[in-house]
Amino acid sequence: MAAFLRTHRRRAGLTLEGLAEQTGLTKSYLSKVERGISTPSIAVALKIARVLDADVGQLFSDSMEGNAMTIARAKDRVIDQASSAESSVYDPIAPALVGKAMQPFVVHPASVMGPKFMDHTGEEFVFVHSGSVEFEIPGQTIHLDAGDSLYFDANTPHRMRSVSDGGATVLVVVYDTPSTGSPSGDSLEAHCGVSR
């Protein structure tokens, strides 16, 4: 991700300060992302991709190739499960496919609920593949078990955490509707217990 971000930032003629201004993120945070020290949440990656006019899945990919179709083999993905207790782990699906309307991810949610709710443009689909999660909107907590799903307007403030001893695996598909504004980065980071 670091190489892709730096390359596309430079191609766009932006300094770290310029990218920070346009995304509303700090220069320090973006520097950590470029150096591979920090991994942004899906929502923050959406903001960065929008400014760089890039596909958000590419920000999580080691490959910058784009095709009309892509196959993502389970054996080729590397998941760092060790950090999923304190921060969520995002595994992009089809990151090499450029210009897709939907952004699919396999998410291993943190076991600690983020302090803030997130909301962003578009729609979101959540499918619990294994384990159990708590999905929270203001005033309501929804318990989802393996096989359960939820589809909602992503403008609804929301956050999620794993409530399984062994963690949970969740398919999250974000449809980021085109808009003149960008999603709320501060609230988006809280989606799966991620903080800067």
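- F125 has its ring centre no less than 6.0 Å from the ring centre of F152.
- Distance alone, capped at 3.5 Å, places no donor-acceptor pair between the R159 side chain and the E136 backbone.
- Not counting sequence neighbours, the partners of R73 by the side chain to side chain contact (heavy atoms under 4.5 Å, CB included) test are I71, K75, D76.
- Considering only heavy atoms from C-beta on, V51 comes within 4.5 Å of L19 through its side chain.
- Side chains of Y175 and E124: a donor-acceptor N/O pair is absent below 3.5 angstrom, by distance only.
- Separation of the F135 and H158 ring centroids falls under the 6.0 Å cut-off.
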Worked check of side chain to side chain contact (heavy atoms under 4.5 Å, CB included) between L150 and L144
CA-CA 8 Å; L150 180 64; L144 299 171; 4.2 Å; yes

Using residues 126-133 as the side-chain source, report each donor-acceptor pair under 3.5 Å to any protein atom, sequence neighbours left out, with the distance given to one decimal.
{"residue": "S130", "atom": "OG", "partner": "T169", "partner atom": "OG1", "Å": "3.3"}
{"residue": "S132", "atom": "OG", "partner": "D145", "partner atom": "OD1", "Å": "2.6"}

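- Placement of L16 and I48 within a single hydrophobic cluster is found when ILVMFWY residues are connected by side-chain heavy-atom separations under 4.5 Å, directly or transitively.
- With rounding to the nearest 0.5 angstrom, the CG atom of L52 is 13.0 Å from the NZ atom of K47.
- Follow the hydrophobic side-chain contacts under 4.5 Å out from V106 and you reach V173 in the same cluster.
- Using a 4.5 Å heavy-atom cutoff, the side chains of T15 and E21 are not in contact.
- The minimum heavy-atom distance between P138 and F117, with the atom names listed, is N-CE2, 3.8 Å.
- Counting heavy atoms from C-beta on, the side chains of R35 and R6 come closer than 4.5 Å.
- The shortest side-chain heavy-atom distance between M160 and E134 does not fall under the 4.5 Å cut-off.
- For the pair V174/H120, a side-chain contact is recorded, criterion being any heavy-atom separation below 4.5 Å from C-beta on.
- Looking at every heavy atom in both residues, A45 comes nearest to P40 through N-CB, 4.2 Å.
- In this structure, T23 contributes its side chain and L25 its backbone to a donor-acceptor pair below 3.5 Å.
- The existence of a salt bridge linking R9 and E34 is confirmed by a sub-4.0 Å separation between a basic side-chain nitrogen and an acidic carboxylate oxygen.
- Both I93 and Y151 belong to a common hydrophobic cluster when Ile, Leu, Val, Met, Phe, Trp and Tyr are linked at side-chain heavy-atom distances under 4.5 angstrom.
- V163 and I137 are assigned to two separate hydrophobic clusters, defined by single-linkage of ILVMFWY side chains at heavy-atom distances under 4.5 Å.
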Verify side chain to side chain contact (heavy atoms under 4.5 Å, CB included) between L5 and V33, making sure each step is shown before the conclusion.
CA-CA 8 Å; L5 178 57; V33 172; 3.5 Å; yes

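- The two residues P109 and S162 come nearest to each other via the heavy atoms O-CB, 3.6 Å.
- Judged purely by atom type and a 3.5 angstrom limit, R161 uses its side chain to pair as donor or acceptor with the backbone of S111.
- Atoms CD and OG1, on E17 and T26 in that order, are 11.5 Å from each other to the nearest 0.5 Å.
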